[in-house]
Protein chains: 2
Amino acid sequence: MISKKCLYALKAVLALARHQGAGPMTIQQIADAQEIPARFLEAILRDLKQNGFTESIRGKEGGYILARPARDIRMGDIISSLEGPWYAPGPETDVFASIWEEADRALTEVVNQVDFQSLLKREDKLRFSHTPDYSI
Amino acid sequence: MISKKCLYALKAVLALARHQGAGPMTIQQIADAQEIPARFLEAILRDLKQNGFTESIRGKEGGYILARPARDIRMGDIISSLEGPWYAPGPETDVFASIWEEADRALTEVVNQVDFQSLLKREDKLRFSHTPDYSI
DNA sequence: CACTATCCCTATTGATTTAGTAGAGATTGT
DNA sequence: ACAATCTCTACTAAATCAATAGGGATAGTG
């Protein structure tokens with residue numbers, strides 16, 4: 001099962017992507033926007049920073065920004081940096097090994113095809129289709 | 001990460017597939033063949049039975065057999081019966097939901113293409129290619 | 001019938017991971 | 001100096017995982 005930590009990280013990066021160009025976002029802002037426990041998010045953002053996805057500005061007026069354009073960050077990048085590999089590539093060469101590898105490739109291919117720019121677009125479309133239309 | 005329980009289950013079914021037609025295999029035999037803790041395997045085989053993959057014969061001369069031909073049992077069947085879904089299909093329709101679904105499909109497709117008859121074949125080939133050849 | 005090898009069921013345990021929380025420190029703009 | 005921010009280490013409660021334990025039920029055999 002995909003961990004909450006990873007889900008939170010994805011949401012946080014999405015929030016930062018949406019905010020890109022508008023200065024840094026504080027942990028609290030991200031936490032509020034995405035309903036993530038702030039103290040937990042703090043640790044997650046530190047991880048993301050260590051992995052080169054975000055940069056931080058300290059002190060007053062500080063916060064987090066994306067280290068590169070949303071277009072250049074893929075879901076798969078975030079996931080694989082936070083989750084360990086989902087199967088153990090042990091030294092034993094049993095029958096299953098090659099299948100785990102193939103499954104891993106299939107999974108990776110899907111999440112690597114989605115960058116955060118396209119996620120923003122997807123989100124916009126979703127919002128559009130879910131917003132009730134009260135006009136007459 | 002794929003659980004040991006699931007790995008053990010796959011190995012157990014593989015052992016039963018190899019033994020098919022030769023009467024029931026005891027828990028202990030399977031445990032020995034696949035290096036699985038016998039008491040743990042016991043619980044796993046009960047699960048497999050409940051899910052319709054194996055049948056058991058009680059009493060002396062008893063043991064486990066596959067409930068259907070190896071050809072008709074796929075890796076994916078075993079996995080999805082033992083592991084919960086690897087992502088939580090919640091009611092929230094966020095941007096990620098459709099991607100998790102796609103990833104799930106990709107994964108399922110891989111493991112559903114492999115049945116235990118073909119695993120036996122693969123294993124034979126592996127053995128062949130790994131057996132040192134001492135002839136001169 | 002007694003015996004023994006087997007599966008069957010419930011409960012318990014120890015280790016690890018997950019999902020946070022707490023408290024104090026360092027940095028920066030005003 | 002002050003306040004708002006990030007930074008770091010440590011701690012904890014709950015859940016899950018990987019078994020283990022102790023009987024019970026069943027069936028073949030002499």
Side-chain angles (χ1 to χ4, degrees), chain A residues 1-12 15-16 19 22-67 79 82-88 90, chain B residues 1-12 15-16 19 22-67 79 82-88 90:
Chain A
M1 183 76 109
I2 186 95
S3 71
K4 291 215 168 185
K5 180 176 179 179
C6 192
L7 253 15
Y8 289 159
L10 293 168
K11 286 185 172 188
L16 288 174
H19 201 254
M25 247 183 132
T26 68
I27 294 174
Q28 195 57 55
Q29 284 175 323
I30 302 173
D32 291 345
Q34 302 287 343
E35 303 186 79
I36 304 170
R39 272 339 264 285
F40 194 20
L41 178 59
E42 187 187 310
I44 292 167
L45 284 167
R46 227 179 318 127
D47 274 2
L48 287 171
K49 183 188 176 184
Q50 296 236 325
N51 287 302
F53 298 113
T54 60
E55 283 171 12
S56 63
I57 296 110
R58 300 178 66 160
K60 221 179 169 187
E61 307 291 284
Y64 278 90
I65 56 174
L66 289 188
I79 294 171
L82 294 181
E83 304 267 25
W86 74 278
Y87 81 99
Chain B
M1 182 76 109
I2 186 97
S3 70
K4 291 217 170 184
K5 180 176 178 178
C6 192
L7 252 17
Y8 289 160
L10 292 168
K11 286 185 171 187
L16 288 173
H19 201 255
M25 248 184 130
T26 69
I27 294 173
Q28 196 57 54
Q29 284 176 322
I30 303 172
D32 290 346
Q34 302 287 344
E35 302 185 78
I36 304 171
R39 271 340 261 285
F40 194 19
L41 178 59
E42 187 185 312
I44 292 167
L45 285 167
R46 229 180 318 127
D47 273 2
L48 287 172
K49 183 188 175 184
Q50 295 235 323
N51 287 304
F53 298 113
T54 59
E55 284 170 13
S56 63
I57 295 108
R58 301 179 67 159
K60 222 178 168 186
E61 307 291 284
Y64 278 89
I65 56 174
L66 289 187
I79 294 170
L82 293 181
E83 303 268 23
W86 75 278
Y87 81 99

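What you see below is based on every heavy atom in this structure, not just the backbone, and it leaves out hydrogens, waters and symmetry mates.
- Shown here for A/M1 and B/P85, the closest heavy-atom pair between the two residues is SD-O, 3.6 Å.
- B/Y8 has a side-chain polar atom (N or O) that falls below the 4.0 Å cut-off from OP1 or OP2 of D/dA19.
- Within 4.0 Å of B/I27, counting heavy atoms only, lie sugar-phosphate atoms of the nucleic acid but no base atom.
- Here the straight-line distance linking atom OG of B/S3 with atom CG of B/L82 works out to 7.0 Å at 0.5 Å rounding.
- Interface residues of residues 49-56 of chain A facing DNA chain D, ordered by number: A/K49, A/S56; criterion, heavy-atom separation under 4.0 Å.
- Panel note: side chain B/Q29, backbone B/T26; a donor-acceptor pair is recorded below 3.5 Å.
- Checking side-chain atoms of A/E55 against main-chain N and O of A/K49 turns up no donor-acceptor pair under 3.5 Å.
- Side-chain contact check for B/P37 versus B/Y8: some heavy-atom pair is nearer than 4.5 Å.
- Taking atom CG of B/L45 as the reference point, atom P of C/dT6 lies 14 Å away to the nearest angstrom.
- Separating the CE atom of B/M1 from the P atom of C/dT18 is a distance of 10 Å, rounded to the nearest angstrom.
- Taking atom CG on B/L7 and atom P on D/dA19, their separation rounds to 11 Å, with Å as the unit.
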Whether each nucleotide of nucleotides 20-30 of chain D has a protein heavy atom under 4.0 Å at its base (B), only at its sugar-phosphate (S) or at neither (-) is summarised, 5' to 3', as BBBBBBBB---
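- Considering B/I57, B/L41, B/T54 in turn, B/T54 is the only one that fulfils the side-chain contact (heavy atoms from CB on, under 4.5 Å) rule with B/Y64.
- Going from atom NZ of A/K4 over to atom NZ of A/K11 covers 9.0 Å, rounded to the nearest 0.5 Å.
- Note: CD1 (B/I2) to C1' (D/dC17) measures 14 Å, nearest angstrom.
- Straight-line distance from the CD1 atom of B/I44 to the C1' atom of C/dC8: 16 Å, rounded to whole Å.
- Spacing between atom CG of B/L48 and atom P of C/dC8 amounts to 12 Å, rounded to whole angstrom units.
- Computed from coordinates, the B/D47 CG to C/dC8 C1' distance equals 13 Å when rounded to whole Å.
- To the nearest angstrom, C1' of D/dA15 lies 12 Å from NZ of A/K4.
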